[in-house]
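For this chain, numbers begin at 1 and follow the sequence in order.
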Amino acid sequence: MRPFPEPDPGEPALGSPGRYLLWLAAAHRASAVLAVGYGVLCTLAQAFVPAAIGRGVDRGLVAGDRGALVAWCTVVLGLGVVQAVTGTLRDRCSVTNRFGASYRTMQLVTRKAAQLGAELPRRVSAGTVVSVGATDITRIGAALESTARGGGAVVSVAVVAGVMLTVSWQLGLVALVGVPLSAAAIAALMRLLHARQQGLRKEQGALADLAVDIVDGLRVLRGIGGERVFADRYRERSQRVRHEGVRVAGVESSVAAGRLLLPGLLVAVIVWLGAHFVGTGRMSPGALVAFYGYAVFLAEQLRRATSMVDQLTRALVAARMVTDLLAMEPGLGSGDRDLDAEGARGPLRDPGSGLEIPPGRFVAVACDRPDDMLLLADRLGRYVDSRATLGGTPLAEFPLAGVRRRILVVDHDARLFSGGLGTQLDPHGPAGGGPDGSADGRTDGGADGRTDGRTDDSTDRLRRALDTASAHDVVEALPEGLGQEITGGREFSGGQRQRLNLVRALMSDPDTLVLVEPTSALDAHTEARVAERLGAHRRGRSTVVFTTSPILLDRADHVVLVEGGTVVAEGRHGELLADARYRAVVTREVTTA
């Protein structure tokens with residue numbers, strides 16, 4: 001099969017989940033039409049097999065005509081060949097529809113996640129995002145795949161019912177009445193199943209949220225002995241999911257029983273009436289054989305049609321979660337002023353707190369409340385709506401993407417992604433290598449002395465960043481150096497992750513780097529090395545460090561004390577130690593009135 005082409009997602013039809021599924025089908029119009037067309041041809045070829053067999057019985061076996069028997073056997077063989085060929089083509093197109101719909105939905109979800117950026121975790125739980133990517137996208141693809149077989153089943157049922165009316169209006173009427181009644185009964189169960197599945201989907205999302213929280217905080221839980229408490233919470237939540245799953249399973253079992261029982265009863269009624277007609281001479285034996293084949297065929301196609309309805313029901317639940325996510329719009333507006341204008345080169349200021357960051361300075365900010373660190377960092381980086389200005393111009397008047405390029409905020413929860421470590425630390429460089437550019441950390445120079453896969457400038461910048469963050473030992477401890485494949489940084493300790501995150505931030509080299517507690521998990525000796533080198537590394541660029549560490553504060557060019565969300569004192573670390581408020585924050589000195 002040809003590789004699936006890179007699609008242009010365009011704008012999805014949001015609103016109801018049904019509109020979104022129709023938009024996906026329209027986006028794959030060619031393969032969807034072909035799949036249904038091949039599905040109809042395949043099922044019609046299968047539908048005409050009982051008629052050909054019945055003719056062969058009447059005109060060949062009963063009449064004793066060998067030539068007619070051979071001819072009708074050839075017709076049956078031809079119908080089988082058509083069924084095999086069209087069935088293969090149908091399945092190829094169906095798979096294209098399945099993966100195309102899943103891939104396109106994944107594109108849209110990923111694009112929306114990137115558009116929302118830092119707003120995403122504030123508005124959507126991690127468990128919901130995981131469930132959308134792991135479950136909902138698969139169900140949407142499966143629904144589009146089922147339309148080929150289901151569509152062919154619906155058309156073939158109508159054709160076979162018409163044929164049966166032509167041969168025997170009594171039996172045809174039984175089929176025409178029995179099939180809709182069976183479908184209506186199963187549809188009623190489907191509606192109940194839809195409601196139960198929505199409840200299960202909500203409980204599964206809540207369980208996924210809890211699982212993510214436990215995984216993220218596992219080390220802390222072990223440190224404080226909280227495993228049992230969270231284990232009990234997870235057990236309670238999982239029991240809710242189990243209870244909802246049992247309720248869904250009860251309806252699903254009824255649907256499965258209805259798919260077998262109702263068509264089976266219809267087959268039994270048609271065969272019994274057909275046998276009675278043969279006994280009274282109102283129908284030939286061949287016609288009875290054909291009608292039995294029709295009845296079995298209708299039962300199978302009815303199961304396919306109800307299976308398609310089941311898949312579409314699941315897809316509607318999944319599409320609701322997807323459309324709710326895609327309907328979210330960023331809460332932060334984006335201006336259109338030129339960020340590179342001369343006025344944008346001035347100080348970065350937060351009028352709400354009075355915090356001002358002069359250009360090219362290493363500024364440390366000590367806050368009496370830990371929450372103020374994240375709040376002020378978000379204001380300076382415009383991750384929340386604020387009145388922060390750059391060079392006297394509000395950040396809200398600049399393009400948001402430009403602000404992100406100029407101002408980088410790195411908090412203590414920053415994470416590494418899965419993949420090569422070198423790629424994580426230097427996203428714009430080659431796909432990994434050792435600290436000196438080689439995969440194992442050793443130099444493998446060519447004729448020009450250049451290290452493997454990395455330019456001299458890139459290698460020097462990475463080596464310098466590793467040295468500033470005191471992270472050489474982290475890389476050297478890995479078997480493959482920077483070429484090591486990591487799984488989101490879970491194999492590193494908290495201090496190692498902090499140092500690697502600092503390397504990544506230094507490699508980005510923004511105009512203004514905002515760090516929140518970048519050394520909180522480091523020992524004193526390592527923190528001292530980082531503090532000593534950070535200012536020199538960032539010389540000529542603005543660096544803001546939110547911290548209460550005396551080691552970092554002592555190395556800063558300028559220190560700001562924030563109390564109650566407002567700047568109350570400024571100066572050098574040594575000067576501010578004379579202020580009791582500053583000592584209370586930095587040295588944890590308890591003051592008495």
Side-chain angles (χ1 to χ4, degrees), residues 212-224 370 373-374 377 408-442 454 458-459 461-509 513-538 543 545-552 555:
V212 170
D213 291 341
I214 292 175
V215 171
D216 288 344
L218 189 58
R219 292 186 180 183
V220 177
L221 290 176
R222 288 177 175 172
I224 63 176
M373 295 185 182
L374 290 173
L408 175 63
V409 178
V410 181
D411 61 32
H412 54 270
D413 289 331
R415 301 182 183 184
L416 297 168
F417 297 99
S418 298
L421 179 58
T423 306
Q424 307 304 313
L425 302 184
D426 186 10
H428 302 294
D436 55 6
S438 59
D440 58 0
R442 295 185 295 273
R454 192 178 291 276
S458 177
T459 302
R461 289 179 60 244
L462 182 55
R463 184 186 294 112
R464 184 169 177 242
L466 288 167
D467 185 63
T468 299
S470 192
H472 277 293
D473 62 316
V474 180
V475 177
E476 290 168 356
L478 300 175
E480 299 182 29
L482 289 179
Q484 181 76 32
E485 291 289 322
I486 63 174
T487 56
R490 287 187 290 273
E491 54 270 81
F492 301 115
S493 67
Q496 289 173 329
R497 281 199 303 271
Q498 277 193 333
R499 286 183 281 167
L500 292 175
N501 282 324
L502 180 57
V503 172
R504 182 172 59 181
L506 294 174
M507 290 299 293
S508 298
D509 196 27
L513 176 60
V514 182
L515 303 172
V516 180
E517 293 284 14
T519 60
S520 59
L522 303 186
D523 61 83
H525 296 291
T526 305
E527 184 179 23
R529 289 195 298 269
V530 173
E532 182 180 359
R533 299 166 184 172
L534 181 59
H537 189 108
R538 290 283 301 169
T543 305
V545 178
F546 287 89
T547 183
T548 56
S549 166
I551 297 176
L552 277 173
R555 294 289 181 176

By side-chain contact (heavy atoms from CB on, under 4.5 Å), which residues pair with Asp473, not counting sequence neighbours?
-> Arg499
Reported CG-to-CE distance for the pair Leu462 and Met507, which is rounded to 0.5 angstrom = 5.0 Å
To the nearest 0.5 Å, tell me how far Thr543 OG1 sits from His537 NE2.
-> 9.0 Å
Mind running salt bridge (charged side-chain N to carboxylate O under 4.0 Å, His left out) on Arg504 and Asp426 for me, showing each step along the way?
-> CA-CA 6 Å; Arg504 182 172 59 181; Asp426 186 10; over 6 Å; no
Is any side-chain heavy atom of Glu491 closer than 4.5 Å to a side-chain heavy atom of Gln496?
-> no
Gap separating the CG atom of Leu502 from the CZ atom of Arg533, nearest 0.5 angstrom = 11.5 Å
Which atom pair, heavy atoms only, marks the closest approach of Val530 to Ser470?
-> CG2-CB, 4.1 Å
Qualifying residue for side chain to side chain contact (heavy atoms under 4.5 Å, CB included) with Val503, from Leu421, Leu425, Thr468 | Leu425
Between Leu513 and Arg538, which heavy-atom pair has the shortest distance, and what is it?
-> N-NH2, 3.4 Å
CD-CG distance between Glu527 and Leu552, expressed to the nearest 0.5 angstrom = 5.0 Å
Could I get the full list of side-chain hydrogen bond (donor to acceptor under 3.5 Å, both in side chains) partners for Thr547, not counting sequence neighbours?
-> none
So do the side chains of Arg529 and Thr526 get within less than 4.5 Å of each other, counting heavy atoms only?
-> yes
Heavy-atom pair with the smallest gap, counting every atom of Ala377 and Val409 | O-CG2, 3.7 Å
Exercise: identify the closest heavy-atom pair between Pro479 and Gln484 | CD-OE1, 3.3 Å
Flag side-chain contact, heavy atom, 4.5 Å: Leu500 against Gln424 = no
Minimum-distance pair of heavy atoms, taken over all atoms of Ile551 and Ala528 | CG2-CA, 3.6 Å
With a 4.5 Å heavy-atom cut-off, do Leu534 and Pro518 have their side chains touching?
-> no
Side chains of Leu506 and Arg461: does their closest heavy-atom pair fall under 4.5 Å?
-> no
How close do Phe492 and Leu478 get, heavy atom to heavy atom, and via which atoms?
-> CE2-CD2, 4.0 Å
Tell me, do Phe546 and Val514 make a side-chain contact under 4.5 Å, heavy atoms counted?
-> yes
Value rounded to 0.5 Å, distance of NE2 in His472 from CZ in Arg463 = 7.0 Å
